[in-house]
Amino acid sequence: MLDTTPVTSRHLARYYLIDGDNLGRAYKYHLSGFPEWDQKGHAGDWMLLPDNLGKNLSIDETSLQDDLFTFLSNKDGHCRQGTIIAAVRGTKAEDVIKVLMQLPEEERLNVGEVTMDLSASMQDIATAVFPNATTVLDCFHFIKRCNDAIKEMRLKSKREAQVDSRREERKFRERRKRNGYHRKWYRKKHPKTYSGKARGRKPARKNEKYRPPVLSNGDTVIELLA
């Protein structure tokens, strides 16, 4: 299972009630053939598996233990065994090209498609190593750019709404302050002991709090944009 499925030895240990560390050491040093692996000397910097090369490839970078690696994979492998073609430490185009050029030239020229992100270095790598391949930009990155643009517009509108809300709250406090002065005058002119004509409508209380306008869905503009 460790050869064909991306699971850890500790994950298997929970199901089979065995020591995961012992299983991992037994697999690494006895079952996997790692001690006799011909690429063990440079596997920390780069690794090549030419047998996994196909016509439809993907190239991307990822972070492993705070270190960047460039991975070349076969799309027909569907993330199963036989998917990884190369793994190179770093993302510099010249370093990755130097390693990938060790792949058989005939098979490199037969590659028809390389999917990648919007990175210029990935474009340079694909053009140099697979000159006959068509470059395909991953749609995920286009959608991410669109989402980032929408998020930027939303946050801009939210900031503008916050500025407007603070302006309205400031006007409300000034109006409340004027109403407080007016209330003092009103109480002096119309004391509670006054009898006769109606005392008229009382002004707003001084301790009244500002309430922003609410939309039909029950949220304020700021809450909606949040």
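Residue numbers count from 1 along this sequence.
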Give the minimum heavy-atom separation between [X] and [Y], together with the two atoms involved.
X      : Y      : answer
Leu100 : Ala86  : CD2-CB, 3.5 Å
Leu103 : Arg108 : O-NE, 3.3 Å
Glu61  : Thr91  : CB-CG2, 3.7 Å

Task: No-hydrogen, no-angle side-chain donor-acceptor test under 3.5 Å, Ser121 and Lys92 - done: no
Open item on the list: Within the 3.5 Å criterion, strictly below it, is a donor on Ser165 or Glu169 matched to an acceptor on the partner's side chain?
Closed with: no
Open item on the list: Checking Thr127 against Gln123 for the side chain to side chain donor-acceptor pair (under 3.5 Å) test, could you report, in this order, the C-alpha distance in whole Å, the side-chain angles of both residues, the deciding distance, and whether it holds?
Closed with: CA-CA 6 Å; Thr127 303; Gln123 178 70 47; 3.2 Å; yes
Determine whether more than 12 heavy atoms belonging to other residues, nucleotides or ligands lie under 6.0 Å from atom [atom1] of [X].
X      : atom1 : answer
Glu174 : CD    : yes
Arg10  : CZ    : no
Lys40  : NZ    : yes
Arg154 : CZ    : yes
Glu105 : CD    : no

Task: Salt bridge present between Lys144 and Asp148 (N-O < 4.0 angstrom) - done: yes
TODO: May I ask you to say whether Asp164 pairs ionically with Arg167, meaning some side-chain N is under 4.0 Å from a carboxylate O?
DONE: yes
[atom2] on [Y] to [atom1] on [X], rounded to 0.5 Å:
X      : Y      : atom1 : atom2 : value
Glu107 : Ile85  : CD    : CD1   : 9.5 Å
Ile59  : Phe130 : CD1   : CZ    : 7.0 Å
Thr115 : Met122 : OG1   : CE    : 13.0 Å

Open item on the list: Students often mix this up, so state it plainly: with edges at 30° and 60°, are the rings of Trp46 and His42 parallel, tilted or perpendicular?
Closed with: parallel
Open item on the list: With heavy-atom distances below 4.5 Å as the criterion, would you say the side chains of Met116 and Ile125 are in contact?
Closed with: no
Open item on the list: The test is salt bridge (Lys or Arg N to Asp or Glu O under 4.0 Å); show your working for Lys98 and Glu94 and say whether it passes.
Closed with: CA-CA 6 Å; Lys98 183 179 179 180; Glu94 54 270 21; over 6 Å; no
Task: Check: Pro212 main-chain N/O paired with Glu168 side-chain donor or acceptor under 3.5 Å - done: no
Task: Any residue meeting side chain to side chain contact (heavy atoms under 4.5 Å, CB included) with Thr134, in chain and number order, not counting sequence neighbours - done: none
